[in-house]
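Since the structure comes first, as structure tokens, the remarks are kept for the end.
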Amino acid sequence: MKLRSTYMFLLFSLLFRNYKKAPKSIITFETTTKLLSTLDIHYLKQSQFDHSLQVPKLQSNIVMGRVVEPLAVGRVIGEVVDNFTPTVAMSITYTNCNKQVYNGHELMPAVIVAKPRVDIGGEDMRSAYTLIMTDPDAPSPSDPYLREHLHWIVTDIPGTTDASFGREIVSYETPKPVIGIHRYVFILFKQRRRQTVKPPASRDGFNTRSFAEENDLGSPVAVAYFNAQRETAARRR
């Protein structure tokens, strides 16, 4: 009961602070979900590092539901990964514009040119993680015959650090959606051993499930995605 009360207090505090900043605007569904995502990331991190929260292994139904539900709605679960239980906090920020990735939200092509900062939780630095970024909508959502197109792989990332501490085995390729709205998916796996993940033969036709099986990665521990589409002159105005 105490945890639920604390969670709700933080939620309404965030909503109230957002309302005070823009009192003449309506708090939209997108704004609310962004606040909830921010709170969930904070809650996940706190539950890993603050033992006073008394949350064993992140088994909070509220948090897991909010993390997994938009992935199911966006068909990331099903088309990219199977259903999974999130157990590690992951925060993704495109630092050139200070834009954070929230499930299902759109980022403009100019924002995603350079690779983002990806912070991960985990137990300690002795754990190692592999990060994958793919596009399941290449070359177009209506005919994704190149699914999945691989954009990035970093492996051997120590827990409680960020992707810059890992080993980049596939360099970051700037997303350039041409037709339709594309989903760009970040998948985090916990490795059983270090120095064991090998790069795939090709970026096109990549399969996250097969890659995980071939490299003994098991199920994902965190997944997030954003949407992007081609920036036309009309959208720039």
Side-chain angles (χ1 to χ4, degrees), residues 68-84 86 90 92-94 96-97 99-118 129-157 163 166-189 191 196-236:
V68 171
E69 185 177 358
L71 299 173
V73 172
R75 303 189 314 281
V76 171
I77 292 177
E79 294 184 355
V80 180
V81 298
D82 295 322
N83 200 19
F84 72 102
M90 178 172 67
I92 307 160
T93 307
Y94 281 90
N96 56 327
C97 296
K99 293 288 187 181
Q100 191 166 351
V101 170
Y102 297 100
N103 285 326
H105 290 234
E106 183 176 358
L107 294 179
M108 303 297 283
V111 171
I112 56 180
V113 172
K115 60 187 174 185
R117 176 187 173 97
V118 181
Y129 296 86
T130 290
L131 175 70
I132 299 170
M133 177 184 178
T134 75
D135 173 5
D137 298 313
S140 73
S142 59
D143 186 20
Y145 62 86
L146 296 178
R147 174 183 293 173
E148 304 159 39
H149 181 78
L150 178 63
H151 281 270
W152 197 26
I153 298 182
V154 185
T155 188
D156 296 329
I157 307 169
R167 182 169 59 97
E168 189 176 71
I169 61 173
V170 177
S171 61
Y172 182 81
E173 180 184 278
T174 300
K176 296 177 181 178
V178 177
I179 303 172
I181 299 172
H182 288 233
R183 295 163 294 170
Y184 294 95
V185 186
F186 295 86
I187 310 105
L188 186 70
F189 293 94
Q191 298 169 218
T196 57
V197 179
K198 308 299 182 185
S202 172
R203 288 184 186 263
D204 288 332
F206 179 81
N207 186 284
T208 296
R209 292 183 179 92
S210 298
F211 184 80
E213 184 176 354
E214 291 165 6
N215 290 277
D216 196 24
L217 294 173
S219 298
V221 295
V223 178
Y225 83 104
F226 67 89
N227 296 325
Q229 59 183 308
R230 187 173 61 143
E231 189 173 7
T232 64
R235 295 187 76 226
R236 283 194 295 269

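We use all heavy atoms of the structure for the numbers below, so side chains are in, but hydrogens, waters and symmetry mates are not.
Atom CD of E173 has more than 12 neighbouring heavy atoms from other residues, nucleotides or ligands inside a 6.0 Å radius.
The distance from the OH atom of Y184 to the CG atom of N227 is 9.5 Å, given to the nearest 0.5 Å. To the nearest 0.5 Å, atoms OG1 (T208) and CZ (F189) are separated by 6.0 Å. For the atom pair CD1 of I187 and OG of S219, the computed distance is 12.5 Å after rounding to the nearest 0.5 Å. One distance of note links NE2 of H105 with NZ of K99; it measures 11.5 Å at 0.5 Å rounding. Distance check, rounded to the nearest 0.5 Å: CG of L131 to CD1 of I92 gives 7.0 Å. Note that CD1 of I181 and CG of D137 are 9.5 Å apart. Values are rounded to the nearest 0.5 Å.
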Start with the C-alpha gap between V185 and V223, add the side-chain angles, then the distance that decides, and say whether side chain to side chain contact (heavy atoms under 4.5 Å, CB included) holds. CA-CA 7 Å; V185 186; V223 178; 3.8 Å; yes
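The main-chain N or O of L150 is found under 3.5 Å from a side-chain atom of R203 such that the two form a donor-acceptor pair. In this structure, the side chain of N83 does not engage the main chain of I77 through any donor-acceptor pair within 3.5 Å. Judged by distance alone, the side chain of N103 and the main-chain N or O of Y225 form a donor-acceptor pair under 3.5 Å. Side chain of T134 to main chain of P136: no donor-acceptor pair is present (N/O by atom type, distance under 3.5 Å, no hydrogens or angles).
Looking at Q191 and L217, their side chains come closer than 4.5 Å, going by heavy atoms from C-beta outward. S140 has its side chain out of reach of V178: every pair of non-hydrogen atoms, C-beta onward, lies at least 4.5 Å apart. Side-chain contact check for T130 versus N215: every heavy-atom pair is 4.5 Å or farther apart.
Nearest heavy-atom pair, P200 versus I153, reported as atom, atom and distance to 0.1 Å: CD-CD1, 3.8 Å. For the pair G180 and P141, the tightest heavy-atom approach, listed with the atom from each and the gap, is CA-CD, 4.1 Å. The shortest heavy-atom contact between G218 and A212 is O-CB, 3.9 Å. Here the shortest heavy-atom pairing between Y172 and A114 reads CE2-C, 3.5 Å. The two atoms that bring A163 and W152 nearest to each other are CB-CH2, 4.3 Å, heavy atoms only. Of all heavy-atom pairs between V111 and Y94, the closest is O-CD2, 3.5 Å.
With R183 as the partner, the salt bridge (charged side-chain N to carboxylate O under 4.0 Å, His left out) test is satisfied by one option alone out of E148, E106, E79: E79.
D82 is linked by a salt bridge (Lys or Arg N to Asp or Glu O under 4.0 Å) to R209, counting only residues two or more places apart in sequence or in another chain.
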